[in-house]
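Letters A, B, ... mirror the listed sequences (proteins, then strands); counts begin at 1. These values consider heavy atoms only, across backbone and side chains, with no hydrogens, waters or symmetry-generated copies.
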Amino acid sequence: MSYVIDRRLNGKNKSTVNRQRFLRRYRGHIKKAVEEAVGRRSITDMEHGEQISIPGRDIDEPVLHHGRGGRQTIIHPGNKEFTAGESIPRPNGGGSGQGSGQASNSGEGMDEFVFQITQEEFLDFMFEDLELPNLVKRHLTGTDTFKTVRAGISSEGNPSRINIVRTLRSAHARRIALSGSSRIQLREMKDELERLKRDEPDNLDEIEAVEHEIEKLSARIHRVPFLDTFDLKYNLLVKHPNPSSKAVMFCLMDVSGSMTQATKDIAKRFFILLYLFLKRSYDKIEVVFIRHHTSAKEVDEEEFFYSRETGGTIVSSALKMMQEIMAQRYPVNEWNIYAAQASDGDNWNDDSPVCRDILINQIMPFVQYFSYVEITPREHQALWYEYENVHEAFPECFAQQQLVSAADIYPVFRDLFQRRLAS
Amino acid sequence: MKRQPISTGSEWTFELIQEYDREIGRIAERYGLDTYPNQIEVITAEQMMDAYASVGMPIGYHHWSYGKHFLSTEKGYKRGQMGLAYEIVINSDPCIAYLMEENTVTMQALVIAHACYGHNSFFKGNYLFRTWTDASSIIDYLVFAKQYISQCEERYGIDAVEDLLDSCHSLMNYGVDRYKRPYPISAEEERRRQKDREEHMQRQINDLWRTIPRPNDKNEGPEQRKRFPVEPQENILYFLEKHAPLLEPWQREIVRIVRKIAQYFYPQRQTQVMNEGWATFWHYTLLNELYDEGLVTDGFMLEFLQSHSSVILQPGFDSPWYSGINPYTLGFSMFQDIRRICENPTEEDKHWFPDIAGSDWLSTIKFAMRDFKDESFILQFLSPKVIRDLKLFSILDDDRQENLLVPAIHDEEGYRTIRELLAAQYNLGNREPNIQVWNVNLRGDRSLTLRHQQHDRKPLGDSTNDVLRHLHRLWGFDVHLESRQDDNLITVHHMPAREESRRTDLIVTV
């Protein structure tokens with residue numbers, strides 16, 4: 001007696017929970033691997049999962065078993081040249097499959113346990129504990145846009161939102177409830193009338209009385225309204241504040257002669273991290289690339305990172321341009337504005353105070369967050385010290401950090417966006 | 001009498017599977033194979049990986065180690081390093097067998113013959129399974145276990161439960177009764193009694209650990225006092241469940257669950273060679289019978305034989321693919337050989353197996369299947385011919401000798417030795433270190449002492465301390481493990497580790 005059952009449509013991810021448990025247990029290892037990967041990977045590579053390997057020793061499930069040593073006799077198949085009583089030298093290393101039966105059971109003897117995490121998981125680990133500053137604040141205060149979502153059925157509402165099926169269903173129920181006893185009486189009376197007409201056709205008084213009663217009951221049933229205001233049901237829509245749907249990210253970079261390709265690569269990684277991070281918080285993100293030497297220009301991504309320029313440096317040109325673009329295209333009530341600036345710290349000295357003023361007066365009041373990274377192993381110059389004033393004025397949403405090599409990016413990035421305690 | 005083949009292509013359909021099952025079932029009945037009803041489930045490769053990861057339990061509680069199994073299976077499969085086993089069969093009533101969607105109709109027929117009639121009849125017939133597991137209630141019990149453990153996770157936190165399960169798993173092989181027949185498990189009963197048991201157990205433990213001396217204790221010096229437990233206990237998890245002083249009732253319940261599941265798998269670990277050999281023997285016999293009746297095509301047979309021979313491939317000891325004796329090969333060869341001995345005995349067979357040479361093969365192999373486990377099966381039925389065919393030889397590795405020794409090979413003088421040694425190799429009692437609960441210092445520091453009886457000076461492996469750490473977590477007080485060879489104390493492991501200077505009388509290895 002056999003049954004054949006098609007289970008292919010049943011859930012296939014029965015092991016998901018166990019997999020999550022595994023990742024949870026080895027978070028430490030995985031995070032370390034992810035951190036290394038971020039330092040090592042090329043930028044275009046950022047949207048992949050990662051191969052994680054954990055030392056076999058850490059992941060073992062220990063059991064009691066025999067170790068090497070003592071006197072052990074093992075049977076092997078496939079004898080070729082050995083004769084009974086022969087003495088043979090010990091093979092080096094490996095041993096001759098000793099204890100292999102046990103090894104395969106517990107999975108020991110594995111050097112490294114290697115497995116794959118998805119891109120999603122990779123980014124999760126990468127961005128763990130991070131949160132864009134002020135994101136929460138904006139959630140609570142600036143509820144500028146709304147999204148309507150269905151929220152069940154209500155008994156009050158706009159006529160255009162009447163739910164006909166629900167309305168008629170409750171009308172029907174009400175009619176049954178209100179006319180139930182009258183209908184039973186009506187049925188009885190009709191039976192009675194039939195009986196009278198059949199058995200006592202001459203008893204006209206009685207018949208008339210019954211007919212009268214039937215008429216009264218029918219009228220009563222009829223009086224129960226088909227539809228009552230009480231029955232009306234409406235689809236309920238509620239507005240959900242939707243503050244985080246759109247963001248724009250300004251990438252500002254110095255491309256003057258002093259910026260080498262290596263420096264630009266470091267800057268690029270920083271921008272990409274910021275971009276990926278914003279992508280997780282917002283539905284729609286626009287990126288504006290502004291590069292500058294002595295004058296600023298809005299460019300596409302390719303040109304931003306790879307075209308070469310020479311000349312001096314005037315940072316304020318880029319800030320001015322950013323301010324203009326903000327005013328023209330990104331009204332503050334619709335857009336969350338983020339900006340990241342990368343530079344090697346060089347600037348024409350007289351320009352630095354101008355930068356500070358533009359930032360403080362025209363940019364900082366409107367942006368969610370402005371981060372400045374200075375990619376240089378050298379001493380800070382005037383720009384850095386002017387920016388420190390900006391930081392004092394807007395400690396919550398302005399940050400500046402120094403990077404020296406690509407490996408610094410991730411820690412600095414984390415530092416910049418470290419989850420701030422509710423303050 | 002030639003008939004129309006059941007199928008000619010390689011695609012399978014549900015009708016074809018039913019048709020094959022009917023025909024294979026008909027032939028199996030002719031051979032008198034007694035089986036549980038079959039529940040054949042068609043699943044996808046992903047689902048097969050899930051089934052794999054849960055070590056053959058259709059429903060399992062959550063634990064990271066199953067996630068680990070899943071990840072390594074997934075990796076192996078995605079890289080194409082490893083084909084998924086084409087079958088998983090569960091010892092339950094009805095007997096659940098999984099067919100994988102990707103397989104051809106030939107493979108499906110092979111799996112039906114192998115799992116639904118081979119393994120199934122073994123589960124129903126073999127004495128170990130009959131005595132130790134209750135096929136009808138295992139699914140219910142697993143559901144109960146899963147629910148109970150997830151309730152505990154909600155109540156006490158995932159970490160607490162995970163730590164406890166880690167500790168239990170490390171001692172899982174020491175959670176079985178080897179000689180005493182366990183009560184059949186029943187989810188219904190477990191649920192009902194669980195409440196009473198919690199209270200009852202806690203009361204007993206409190207009694208054991210009562211610190212105020214009872215009046216009649218006073219003339220008993222500590223030296224004369226009996227050991228506790230009076231007899232050494234082999235089932236360490238059982239001992240912990242009943243006597244560990246600090247466990248909460250829910251923790252005892254989880255120890256019990258792990259123990260029960262270990263017990264359920266215990267017969268499978270003891271009958272690997274027989275079980276696979278039996279199933280392989282029957283898929284081979286049943287499908288050949290189908291061919292003889294003209295129900296399958298030549299193409300079907302070629303595909304079948306190709307995968308059959310890769311299943312029973314035995315690489316030699318010097319091959320890079322060698323990983324011990326293949327239980328499929330050994331078991332299949334032995335069952336085939338028993339049939340040969342019955343049907344066409346040689347002089348040698350008559351000398352070695354006077355009881356079975358020339359007897360009815362069907363009842364002989366059924367007897368062999370029913371009343372043996374790997375160890376006794378090999379001791380009883382391994383014939384010189386199989387030893388010669390597999391070219392078995394033994395290696396003696398003595399750490400006191402410079403060279404390895406070959407004590408016996410596949411020749412007249414060696415047959416008996418090889419047979420005994422191979423049987424011993426499949427004795428779980430030899431394969432796992434012999435460790436028992438020896439004593440508890442009831443009135444003193446409550447430390448638990450285990451005894452390891454060494455055999456041929458074989459030491460404990462290097463994960464011993466890790467296991468003792470788990471044991472220490474369960475017991476809650478100091479744990480000592482003494483290794484003895486005969487009556488001599490060899491080493492003592494302590495958990496937590498001891499300063500060497502404080503103990504001069506013992507060699508301390510930590």
Side-chain angles (χ1 to χ4, degrees), chain A residues 1-8 10 12-15 17-26 59-80 82-91 95-98 100-104 107-108 113-116, chain B residues 14 17-18 21 37-44 46-47 50 53 62 64-68 70-71 75 101 169-170 173 314 316-317 322-325 390-399 403-406 408-409 413-414 418 421-422 425 433 435 456-463 466-467:
Chain A
M1 195 57 210
S2 303
Y3 302 94
V4 181
I5 302 172
D6 186 359
R7 289 262 190 235
R8 285 172 295 173
N10 281 27
K12 63 176 176 190
N13 291 325
K14 244 174 157 178
S15 301
V17 179
N18 291 328
R19 190 168 184 281
Q20 291 305 332
R21 289 283 164 85
F22 179 82
L23 296 185
R24 178 173 172 274
R25 185 180 173 96
Y26 292 98
I59 209 163
D60 248 7
E61 296 161 75
V63 288
L64 292 167
H65 61 89
H66 282 131
R68 276 161 185 262
R71 209 179 128 89
Q72 317 210 1
T73 320
I74 297 162
I75 304 279
H76 294 290
N79 182 21
K80 293 197 181 79
F82 301 136
T83 52
E86 192 178 334
S87 164
I88 46 176
R90 270 171 214 280
S96 46
Q98 175 182 354
S100 47
Q102 300 163 355
S104 60
E108 63 186 3
F113 184 80
V114 181
F115 62 98
Q116 200 75 27
Chain B
F14 283 98
I17 287 181
Q18 266 160 346
D21 176 63
N38 278 305
Q39 181 169 322
I40 300 170
E41 305 196 351
V42 180
I43 60 176
T44 61
E46 283 96 339
Q47 287 170 321
D50 286 335
H62 297 310
W64 65 270
S65 63
Y66 304 136
K68 175 180 138 185
F70 179 77
L71 284 168
K75 193 191 81 188
E101 182 185 37
H169 286 181
S170 74
N173 289 346
Q314 172 68 69
F317 74 99
Y322 178 65
S323 62
I325 292 176
L390 293 175
K391 296 194 170 60
L392 298 179
F393 68 105
S394 69
I395 291 278
L396 173 65
D397 178 354
D398 189 330
D399 59 359
N403 286 338
L404 300 176
L405 189 71
V406 182
I409 65 159
E413 294 79 52
I418 295 270
L421 289 172
L422 188 62
Q425 203 164 313
I435 296 174
D456 282 342
R457 294 183 286 104
K458 274 184 252 176
L460 290 172
D462 48 9
S463 57
D466 296 331
V467 177

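Between Gln39(B) and Ile5(A), the closest side-chain pair of non-hydrogen atoms falls below 4.5 Å. For the pair Ile418(B)/Ile75(A), a side-chain contact is recorded, criterion being any heavy-atom separation below 4.5 Å from C-beta on. Within the 4.5 Å cutoff, the side chain of His76(A) has heavy atoms near those of the Ile395(B) side chain. Between Lys68(B) and Glu61(A), the closest side-chain pair of non-hydrogen atoms falls below 4.5 Å. By the 4.5 Å heavy-atom criterion applied to side chains, Ile88(A) and Val406(B) are counted as neighbours.
A distance of 7.0 Å separates CG of Asp60(A) from OG of Ser463(B), quoted to the nearest 0.5 Å.
Under the salt bridge (Lys or Arg N to Asp or Glu O under 4.0 Å) criterion, Arg19(A) pairs with Glu121(A), sequence neighbours left out. In terms of the salt bridge (Lys or Arg N to Asp or Glu O under 4.0 Å) criterion, residue partners of Arg7(A) (sequence neighbours excluded) are, by chain and number, Glu41(B).
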(request) Apply side-chain contact (heavy atoms from CB on, under 4.5 Å) to Phe317(B) and Phe82(A), showing your working. (result) CA-CA 12 Å; Phe317(B) 74 99; Phe82(A) 301 136; 3.7 Å; yes
(request) Kindly determine whether Trp64(B) and Tyr26(A) satisfy side-chain contact (heavy atoms from CB on, under 4.5 Å), including the steps that lead there. (result) CA-CA 10 Å; Trp64(B) 65 270; Tyr26(A) 292 98; 3.6 Å; yes
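Looking at Phe14(B), only its side chain comes within 4.5 Å of chain A, counting heavy atoms on both sides.
Using a 4.0 Å cut-off between charged side-chain N and carboxylate O, Arg71(A) and Asp399(B) make no salt bridge.
When every heavy atom of Pro77(A) is checked against every heavy atom of Ile325(B), the shortest pair comes out as CD-CG1, 4.1 Å. Across Thr73(A) and Leu421(B), no two heavy atoms sit closer than the pair CG2-CD1, 3.7 Å.
Among Leu422(B), Asp466(B), Leu460(B), Leu71(B), the residue with the largest count of heavy-atom pairs under 4.5 Å with chain A is Leu71(B).
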